[in-house]
Amino acid sequence: PLFAGRNGSAIENFSCVIYNIFLMNCTWQAGRDAPADTQYFLYWQKSIDDEEMECELYIKDENGRNTGCRFQNVRIIGNAYFLVNGSSKDSLIQFYDEYINLYKIEILSAPLNVTAHCTRDSADCIITWHPPLTSHMKPPKCFEYEINIQNK
């Protein structure tokens with residue numbers, strides 16, 4: 001059955017972020033009614049054409065329970081499918097699944113090569129920069145910048 005397992009045993013607060021261009025962390029909390037021996041396992045599928053892969057580097061809590069995963073060499077290609085299932089000696093554990101648009105969870109780095117050229121005799125400054133590196137190609141027009149000048 002689709003939702004077999006003890007109610008409240010599925011993970012909660014699942015979230016993922018992509019940072020430093022190609023690294024991704026996913027984290028979760030154990031289900032509030034999961035037995036103490038429950039262990040969780042994360043699988044993800046980058047696209048329908050790709051194979052489902054299990055996490056290779058789990059993040060563990062103080063009891064040795066998997067509460068997250070670190071991924072390397074992540075390539076953003078759109079929606080990815082995530083599934084977290086669990087096992088326990090005491091009961092069946094409900095699974096959790098979600099599709100996530102990977103573009104929406106990327107934390108962008110700061111702009112590159114920021115320079116400021118100011119003249120002494122006027123209040124003019126020219127500030128230039130290059131768009132940040134991303135794990136995918138975004139046209140420069142997709143970025144918005146805010147300049148906060150503290151002191152001149």
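Any value given below was found using the heavy atoms of this structure, including those in side chains, with hydrogens, waters and symmetry copies removed.
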Give the cluster check for [X] versus [Y]: same hydrophobic cluster or not, with ILVMFWY residues linked at side-chain heavy-atom distances below 4.5 Å.
X    : Y    : result
Y43  : Y58  : yes
F22  : I59  : no
I18  : M53  : yes
I147 : V114 : yes

Look only at the side chain of [X] and the backbone of [Y], and say whether a donor-acceptor pair between them is shorter than 3.5 Å.
X   : Y   : result
R70 : L23 : no
D61 : N63 : yes
N66 : Y40 : yes
S9  : Q94 : yes

Open item on the list: I want to know whether W28 and Y96 have ring centres closer than 6.0 Å.
Closed with: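 Ring centres of Y96 and W28 not closer than 6.0 Å.
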Open item on the list: Looking at C118 and C125, is the distance between their SG atoms under 2.5 Å?
Closed with: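 With an SG-SG separation under 2.5 Å, C125 and C118 do form a disulfide.
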With side chains defined as the heavy atoms from C-beta onward, is the minimum distance between [X] and [Y] less than 4.5 Å?
X   : Y    : answer
K60 : T67  : no
S91 : T38  : no
S88 : R6   : no
L42 : F71  : yes
S15 : T27  : yes
C16 : I100 : yes

[atom2] on [Y] to [atom1] on [X], rounded to 0.5 Å:
X   : Y   : atom1 : atom2 : answer
E98 : L83 : CD    : CG    : 11.5 Å
K46 : R75 : NZ    : CZ    : 6.5 Å
M24 : C69 : CE    : SG    : 7.5 Å
R32 : I11 : CZ    : CD1   : 12.5 Å
N79 : Q45 : CG    : CD    : 12.0 Å
D37 : Q39 : CG    : CD    : 9.5 Å

Task: Given F82, W44, Y99, F95, the one that forms ring-ring contact (aromatic ring centres under 6.0 Å, His included) with F14 - done: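 Going through F82, W44, Y99, F95 one by one, the ring-ring contact (aromatic ring centres under 6.0 Å, His included) with F14 is satisfied by F82 alone.
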Task: Greater than 12 external heavy atoms within 6.0 Å of E52's CD - done: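 Yes, because the 6.0 Å sphere around CD of E52 holds more than 12 heavy atoms from other groups.
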Task: CG (L57) with more than 12 external heavy atoms under 6.0 Å - done: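 Result for CG/L57: enclosed.
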